[in-house]
Amino acid sequence: MTLKLYNTLRNRKEVLVPLQEGRVGLYVCGITVYDICHVGHARSAVVFDVLRRYLEYRGYEVIYVKNYTDVDDKIIARANAEGVSIYDISNRYIAAHDEDMSGLGVLRPTVTPRATEHIDGMIRLIEKLVERGLAYAVNGNVYYAVERFPGYGKLSGRQLEDMMAGARIDVDEQKNNPMDFALWKASKPNEPAWDSPWGPGRPGWHIECSVMSQKYLGDSFDIHGGGEDLVFPHHENEIAQSEGATGKPLANLWVHNGFVKINSEKMSKSLGNVFSIQEMLSRYSAEAIRLFMLQSHYRSAVDFSEESLSEARQGMDRFYTALKAISDLLAASGGDSAPPSPESLSGKTAELFTLIQSLPDRFVEAMDDDLNTARAIGYLFDAARQLNAFLSDAKAARSDAGRNVLALAEKTIKEIGYVLGLFQEDPDLYFQRDRERETRKRGIEPAEIEQLIAERWAARTEKNWQRADEIRKILTEKGIVLKDTPTGTTWKVA
RNA sequence: GGCGGCAUAGCCAAGUGGUAAGGCAGCGGUCUGCAAAACCGUUAUACUCCGGUUCAAAUCCGGAUGCCGCCUCCA
């Protein structure tokens, strides 16, 4: 079985054939660090985090490069507005970004280079493009001559003529062709500048990625990723720069994730519906957010809303309920579990074993098909249901064979979950945090709840059902759901 | 104006030629003092519409309608 990914370059799914056996080079365009990250950044980060984790799960060594763009108009504007240097701005938002990522359970890429650390490389690459006749300097600026690069438009599937026809382009007398883009910009006053053969200036937006991908992954590498909005012009221009200089294909597979919408609207500053990762994480668990995103295919648009996130929370609740039931049973019944021996199993236990044993294969089958996480999660829900069914038969579940199969199930689900970044928390801790988050969100005072529950428990022991039901009603109205067990009453927010 | 995508039950969402995964919500039941959770059953004669290809289409082709994205900074 082999992993197929949808390749934007050829508009079809293609098999990943690593350039070097056993190793995959992955480059993803990171963020411009001028503001805190929003849920759109989160989606891209989670998608490629899962790709990286899955490749590693399949045994590849992955070199994952994700850059920070730390010099650009918006950063400069912000630095000038605050009267600080661009590094003050970029350092601040890189720190915020890193915190958001770890909050989302996104693993650190192998290399996280910054554009400003690669200015020399950019200058060398630009010189090479000038030498090759693909770029020209005018008044301290250097532009890429797009019509000189035969493949221009191949990624986004456009013709140069079409683009020029309806494009809204600033008239720039300095450019030979309106579609030409800046490789190097002459610095204006109050802008950071680096010395170059064309005078003091700063790099254009696209050149950094060509330089950094080459430096860490070579002239050609396996997968280049980013949000779908980067297809044009950013990735198209990267191809023009890199392939123009090396004459070799930049990346074999171009992978792009779909957009995030908010309440069915495009997320944009003008609509005022930009949700930050920080805000999202204060309202929902990282795993619920990941589950929500991964229940849709990575290339389709995903619609954030209170309702959809809350459904994902219910979904996580379901998984952790099953996981908790397993770990509780294993802990209570004591003793170590051993790997099940299939020939000794029968009936329900054997059926469950077969199902659990096939789970990794089905997971791989789904993931190999262009990272079909939605299908994979479907299999996991299915497994959760079967596990709960099995657990409801206490005798079977507590037998040695049953415990062994349950232990295997727990291990398998966590291993698969790791690839998706799910099920990595202790169930009790998960529910505790969920309760803290939800009570905070709704302004509920936990102590007050606990007191009412204690009062109800007392009423129940006296078989004062009327009072017990009264209290239940009060709590239900507050959105609190009670669960009576032989040892006490637990609660959660609905 | 150019390029591209999507349209599956109340909602979300897989499925890419052989007869509709999964989740949420709902309904009936088991369990429970009552509940909750869990489980069992149930919920699309059917995949926007109209044609076509085929023994067979949600799946392929043509057309229509509707939404959306990109072409300008953007994950």
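All heavy atoms count here, side chains included; hydrogens, waters and symmetry mates do not. All chains are named by letter (A, B, ...) in the order of the sequence lines, taking the proteins before the strands, and each is independently numbered beginning at 1.
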- Produce a footprint string for nucleotides 16-32 of chain B: one letter per nucleotide, 5' end first; B if the base is under 4.0 Å from any protein heavy atom, S if only the sugar-phosphate is, - if neither. -----BSBS--------
- Can you name the ring-ring contact (aromatic ring centres under 6.0 Å, His included) partners of A:His234, sequence neighbours left out? A:Trp205, A:His206
- Which residues share a ring-ring contact (aromatic ring centres under 6.0 Å, His included) with A:Phe259, sequence neighbours left out: none
- Task: Quick one: list whatever passes side chain to side chain donor-acceptor pair (under 3.5 Å) with A:Lys414, sequence neighbours left out.
- Result: none
- Item | Residue closer to the 5' end of RNA chain B, A:Asp317 versus A:Val302 (nearest nucleotide) | A:Val302
- Indicate, with a heavy-atom threshold strictly under 4.0 Å, whether A:Gly40 touches base, sugar-phosphate, or nothing. base
- Between the side-chain atoms of A:Asp484 and the base atoms of B:C34, is any donor-acceptor pair under 3.5 Å? yes
- Message: What contact category does A:Arg456 fall into here, base, sugar-phosphate, or nothing, at under 4.0 angstrom with non-hydrogen atoms?
- Response: base
- Task: Identify which nucleotide among B:C40, B:G33, B:C70 has an atom closest to any side-chain atom of A:Arg158, counting heavy atoms from C-beta outward.
- Result: B:C70
- Quick one: label A:Val260 by what it contacts on the DNA or RNA (base, sugar-phosphate, nothing), any heavy atom closer than 4.0 Å. base
- Message: Under 4.0 Å, counting only non-hydrogen atoms across every strand here, what does A:Ser308 touch: a base, just sugar-phosphate, or nothing?
- Response: nothing
- Item | Any residue meeting side chain to side chain donor-acceptor pair (under 3.5 Å) with A:Asn372, in chain and number order, not counting sequence neighbours | none
- Query: For A:Ser156 and A:Asn372, take the nucleotide of RNA chain B holding the closest heavy atom to each; which residue's nucleotide lies nearer the 5' end?
  - Reply: A:Ser156
- Do any pairs count as a ring pair (Phe, Tyr, Trp, His ring centres under 6.0 Å) and have a residue in residues 453-494 of chain A, sequence neighbours left out, and if so which ones? none
- Query: Which nucleotide, B:G33, B:A14, B:A75, lies nearest any side-chain atom of A:His38?
  - Reply: B:A75
- Query: A:Phe48 and A:Tyr298: aromatic ring centres closer than 6.0 Å?
  - Reply: no
- Query: For A:Leu482, which contact category applies under a 4.0 Å heavy-atom criterion: base, sugar-phosphate, or nothing?
  - Reply: base
